[in-house]
Amino acid sequence: MKFAVDAVLFDLDGTLLDTLPDLLTAANRMLAELGQASRTYAEVRRFVGKGIPNLVQRCLSDDRSVDPALVEAGLPVYRRHYAVVNGDATRIYDGVEPTLKQLKAQGIRLGLVTNKAQAFTLPLLEHVGLARYFDAVVSGDVLPQKKPDPAPLLHACAQIGVSPARAIMIGDSANDAEAAQAAGMPVLLANYGYSEGRPVDTIKCDGVISALPELLRYIERRSGDT
């Protein structure tokens with residue numbers, strides 16, 4: 001199946017970048033400062049996806065009851081530690097930059113829609129050298145809503161100047177799939193990212209990729225006006 005599009009929207013963590021080592025470091029520094037037990041790589045991988053407040057709450061509770069005051073206290077601690085390590089051990093997934101270059105060369109506009117806070121998203125994109133590829137960046141605190149709400153995707157399309165019906169979303173979790181479907185656009189999911197512990201092949205989507213360059217087989221530049 002081919003999708004004729006004017007724009008491609010991407011998730012960040014788990015889709016373009018492997019940020020988990022830095023997220024884990026910040027989480028465990030926060031937990032140590034709060035006198036809590038540390039978390040494993042596998043646990044934090046399962047907690048990623050809905051933004052920092054959700055990550056902090058999961059680290060402190062693992063979906064069990066937790067004192068809201070402890071979560072509130074943990075938020076600034078986590079942000080302080082993550083600001084220090086953001087980008088230190090993050091790596092770009094194989095094939096990401098060549099894929100972005102090829103899409104731009106075809107005249108396809110690119111947007112980034114992430115639940116990561118803007119204070120961390122923009123410096124990270126600059127640090128890894130990917131900022132120049134995106135015509136719009138919508139971070140998790142730009143709007144009141146986060147994915148899986150469709151509002152951030154619709155906002156990105158408005159910034160780029162394309163109809164949602166002429167865009168496609170590339171992500172790694174049900175958050176991305178549900179947001180795209182509610183926004184009226186197709187969605188491809190990467191099976192190498194962070195899906196909150198849910199197998200990607202159980203999530204309704206329009207295709208699954210195992211490396212980002214595979215998406216080039218699915219899309220082509222739409223002809224005609226936007």
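The first residue of the sequence shown is numbered 1, and numbering continues consecutively from there. All values below come from the heavy atoms of this structure, side chains included, with hydrogens, waters and symmetry mates left out.
Cluster annotation: Leu154 and Leu143 are assigned to distinct hydrophobic clusters (Ile/Leu/Val/Met/Phe/Trp/Tyr, side-chain heavy-atom contacts under 4.5 Å, transitive). Cluster annotation: Phe120 and Val137 are assigned to the same hydrophobic cluster (Ile/Leu/Val/Met/Phe/Trp/Tyr, side-chain heavy-atom contacts under 4.5 Å, transitive). Transitive grouping of hydrophobic side chains (ILVMFWY, heavy atoms separated by less than 4.5 Å) brings Leu17 and Ile52 into a common cluster.
No donor-acceptor pair under 3.5 Å is formed between the side chain of Asp135 and the backbone N or O of Gly111. Remark: the backbone N or O of Val162 is not paired with any side-chain donor or acceptor of Asp6 at under 3.5 angstrom. Remark: the backbone N or O of Gly49 is paired with a side-chain donor or acceptor of Asn175 at under 3.5 angstrom. No donor-acceptor pair under 3.5 Å is formed between the side chain of Arg39 and the backbone N or O of Val44. In this structure, Asp172 contributes its side chain and Ser195 its backbone to no donor-acceptor pair below 3.5 Å. Tyr192 places no side-chain N or O within donor-acceptor distance of the main-chain N or O of Tyr93, the cut-off being under 3.5 Å. Between the Arg221 side chain and the Gly107 main chain, a donor and an acceptor come within less than 3.5 Å of each other.
Going from atom CG of Leu124 over to atom CG of Asp13 covers 7.5 Å, rounded to the nearest 0.5 Å. Atom CG of residue Leu153 and atom CE of residue Met169 lie 5.0 Å apart, to the nearest 0.5 angstrom. Separating the CG atom in Asn86 from the CG atom in Asp22 is a distance of 6.5 Å, to the nearest 0.5 Å. In this structure, Ile219 CD1 and Met1 CE are separated by 14.5 Å, a value rounded to the nearest 0.5 Å. Here Leu188 contributes atom CG and Ile170 contributes atom CD1; the two are 4.0 Å apart, rounded to the nearest 0.5 Å. The OH atom of Tyr82 sits 11.5 Å away from the CG atom of Leu24 when rounded to the nearest 0.5 Å.
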List the steps, then state whether side-chain contact (heavy atoms from CB on, under 4.5 Å) holds for Ser61 with Val71.
CA-CA 9 Å; Ser61 69; Val71 176; over 6 Å; no
Check the pair Leu31 / Leu60 against side-chain contact (heavy atoms from CB on, under 4.5 Å), numbers first and verdict last.
CA-CA 8 Å; Leu31 292 166; Leu60 290 168; 3.6 Å; yes
Verify side-chain contact (heavy atoms from CB on, under 4.5 Å) between Lys116 and Leu55, making sure each step is shown before the conclusion.
CA-CA 11 Å; Lys116 185 187 290 292; Leu55 172 62; over 6 Å; no
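Side-chain contact between Gln181 and Val187: present, with at least one pair of heavy atoms (C-beta onward) separated by less than 4.5 Å. You'll find the side chain of Arg29 stays beyond 4.5 Å of the side chain of Glu33, heavy atoms only. Residues Leu215 and Leu103 are in side-chain contact: their nearest non-hydrogen atoms beyond the backbone lie under 4.5 Å apart. A 4.5 Å side-chain heavy-atom check between Leu9 and Cys157 finds at least one atom pair inside the cut-off. When side chains are defined from C-beta on, Leu125 counts as touching Leu12, because their heavy atoms get closer than 4.5 Å. Looking at Tyr218 and Ile209, their side chains come closer than 4.5 Å, going by heavy atoms from C-beta outward. At a threshold of 4.5 Å between non-hydrogen side-chain atoms, the residues Thr121 and Leu112 count as touching.
Under a cut-off of 6.0 angstrom, the local environment of CD in Gln145 is crowded, with over 12 non-hydrogen atoms contributed by other residues, nucleotides or ligands. Remark: Lys2 NZ is packed, more than 12 non-hydrogen atoms of other residues, nucleotides or ligands lying under 6.0 Å away.
Residues passing the side-chain contact (heavy atoms from CB on, under 4.5 Å) test with Ala211 are Pro213, Glu214, sequence neighbours excluded. In this structure, Lys101 has no side-chain hydrogen bond (donor to acceptor under 3.5 Å, both in side chains) partners at least two apart in sequence or on a different chain.
For the side chain to side chain donor-acceptor pair (under 3.5 Å) with Asn54, the qualifying choice from Gln57, Lys50, Arg58 is Arg58, the only one to do so.
Pairs of residues two or more places apart, or lying in two chains, that qualify as salt bridge (Lys or Arg N to Asp or Glu O under 4.0 Å) and include a residue from residues 141-159 are Asp11-Lys147, Lys147-Asp176.
The two residues Gln118 and Val142 come nearest to each other via the heavy atoms OE1-CG2, 3.2 Å. Across all their heavy atoms, Ala156 and Val113 have their closest contact at CB-CG2, 3.7 Å. A pairwise comparison of heavy atoms in Tyr194 and Ser173 identifies O-CB, 3.7 Å as the closest pair. Of all heavy-atom pairs spanning Glu126 and Ala131, the tightest one is OE2-CB, 3.5 Å. Among all heavy-atom pairs drawn from Leu34 and Gly74, the shortest one is CD1-CA, 3.7 Å. Shortest non-hydrogen contact noted between Asn191 and Ser210 is OD1-CA, 3.2 Å.
Below 30°, between 30° and 60°, or above 60°: for Phe134 and Phe10 the angle between ring planes is above 60°, a perpendicular geometry.
A salt bridge is defined here as a Lys NZ or Arg NE, NH1 or NH2 lying under 4.0 Å from an Asp or Glu carboxylate O, and Arg45 with Asp18 fails to meet this definition.
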